[in-house]
Peer 1: 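Okay, here's the structure, questions in a sec.
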Amino acid sequence: MRPAIGVLALQGDFREHVHALQRCGIDNPVLVRTPRDLASVQAVIVPGGESTAISKLAVAFEVLEPMRQRIAAGMPVYGSCAGMIMLANNILDARSEQTSFGGLDISVRRNAFGRQVDSFEADLHAPAWGEDALKAVFIRAPWVESHGPDVEVLARVESGPHEGAVVAVAQNHVMATSFHPELTTDDRVHSYFIHTVENRA
Ligand code: GLN
């Protein structure tokens, strides 16, 4: 039995995550929009999009608190881009009303790469995902500006003006990337996450 994995489907590129999961053999990912949807899954992916909108909708759809509780109780969760922001315990350059699910002991800076470089691609190497470079797509991406001792850095930008910027992290059952593996056909980040879920089950 493959695990029941949900994708938070309030806003953003949740369909692309669903397709990536399906390519990895998770036939029926659950679109999570209500506390009831959330109760039916073992793990959740928080998509890229606009973290201010996801935050607002999470309150409106009453999934903010249930997500916080499930994450605190050990539910595996992975967030890409806006999803990373939603999993950060602290957001820099947040909108005043913006809140997060938390789970990662990180300070994340929104739109950190600046407006001139709205989006870019970079080759990253992360032992967690194997030897080959991963082509990472960044779109108005955040970075991890600082993190606590229990956070594992999985990948950094490897060259250019932002060399060294932390763009992938994990802390126990919580993982996040500044970039969007769901927008490529390299599914190693998703399969890594699925393995994490299966190992915890
Ligand atoms: N800049 C967006 C935010 O603050 C994130 C962008 C993205 O998910 N591609 O939420």
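Numbering of ligands and ligand atoms starts at 1, following listing order.
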Peer 1: Any nitrogen or oxygen of Thr52, side chain or backbone, less than 3.5 Å from one on ligand 1?
Peer 2: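 No, there is no polar N/O contact under 3.5 Å.
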Peer 1: For ligand 1, which atoms have a heavy atom of Gly48 less than 4.0 angstrom away?
Peer 2: 8 (O)
Peer 1: Does Glu158 reach the main-chain N or O of His125 with its side chain, forming a donor-acceptor pair under 3.5 Å?
Peer 2: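 Side chain of Glu158 to backbone of His125: a pair is present.
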Peer 1: For Ile85, is at least one N or O under 3.5 Å away from an N or O on ligand 1?
Peer 2: no
Peer 1: Looking at Phe113, Phe138, Phe120, which one forms a ring pair (Phe, Tyr, Trp, His ring centres under 6.0 Å) with His162?
Peer 2: Phe113
Peer 1: Short list, please: which atoms of ligand 1 are under 4.0 Å from a heavy atom of His180?
Peer 2: 7 (C), 8 (O), 9 (N)
Peer 1: Please report whether ligand 1 has a polar contact with Ser80, defined as an N or O pair separated by less than 3.5 Å (distance criterion only).
Peer 2: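 For ligand 1, there is no N or O atom that lies under 3.5 Å from one belonging to Ser80.
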Peer 1: Output the list of atoms in ligand 1 that are nearer than 4.0 Å to some heavy atom of Asn111, sorted by atom number.
Peer 2: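 In order of number, 1 (N).
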Peer 1: Which ligand 1 atoms are under 4.0 Å away from a heavy-atom of Arg140?
Peer 2: 1 (N), 2 (C), 5 (C), 6 (C)
Peer 1: May I ask you to say whether Glu50 pairs ionically with Arg110, meaning some side-chain N is under 4.0 Å from a carboxylate O?
Peer 2: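 Looking at Arg110 together with Glu50, the answer is yes, because their closest N to O distance falls below 4.0 Å.
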Peer 1: Go through the steps for Asp186 and Trp129 under the test side-chain contact (heavy atoms from CB on, under 4.5 Å), then give the verdict.
Peer 2: CA-CA 10 Å; Asp186 185 338; Trp129 307 321; over 6 Å; no
Peer 1: Taking only heavy atoms of Ser51 into account, list the atoms of ligand 1 that are under 4.0 Å away from them.
Peer 2: 3 (C), 4 (O), 10 (O)
Peer 1: Whether Glu163 and Arg156 form a salt bridge (side-chain N of Lys/Arg under 4.0 Å from carboxylate O of Asp/Glu) is what I want to check.
Peer 2: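 So Arg156 does not pair with Glu163 through a salt bridge.
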Peer 1: Taking Arg109's backbone N and O only, do any of them form a donor-acceptor pair with Asp93's side chain (distance below 3.5 Å, no angle check)?
Peer 2: no
Peer 1: Here's a test for you: under side chain to side chain contact (heavy atoms under 4.5 Å, CB included), which of Asn28, Asp187, Ile5, Asp27 qualifies with Leu21?
Peer 2: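 It is Ile5, the one option of Asn28, Asp187, Ile5, Asp27 that forms the side chain to side chain contact (heavy atoms under 4.5 Å, CB included) with Leu21.
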Peer 1: Verify, without hydrogens or angle tests, whether Ser178 (side chain) and Pro142 (backbone) share a donor-acceptor contact under 3.5 angstrom.
Peer 2: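 Flag set: sc Ser178 to bb Pro142 pair under 3.5 Å.
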Peer 1: Taking 4.0 Å as the limit for heavy-atom contacts, which would you say applies to Glu50 with ligand 1: side chain only, backbone only, both, or neither?
Peer 2: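 The answer is both.
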Peer 1: Starting from atom 4 (O) of ligand 1, find the nearest protein heavy-atom neighbour and note its residue, name and distance.
Peer 2: Arg110 NE, 2.8 Å
Peer 1: With only distance considered, is Cys81 within less than 3.5 Å of ligand 1 through an N or O on each side?
Peer 2: no
Peer 1: Looking at atom 5 (C) of ligand 1, what's its closest protein heavy atom, distance included?
Peer 2: Gly49 O, 3.4 Å
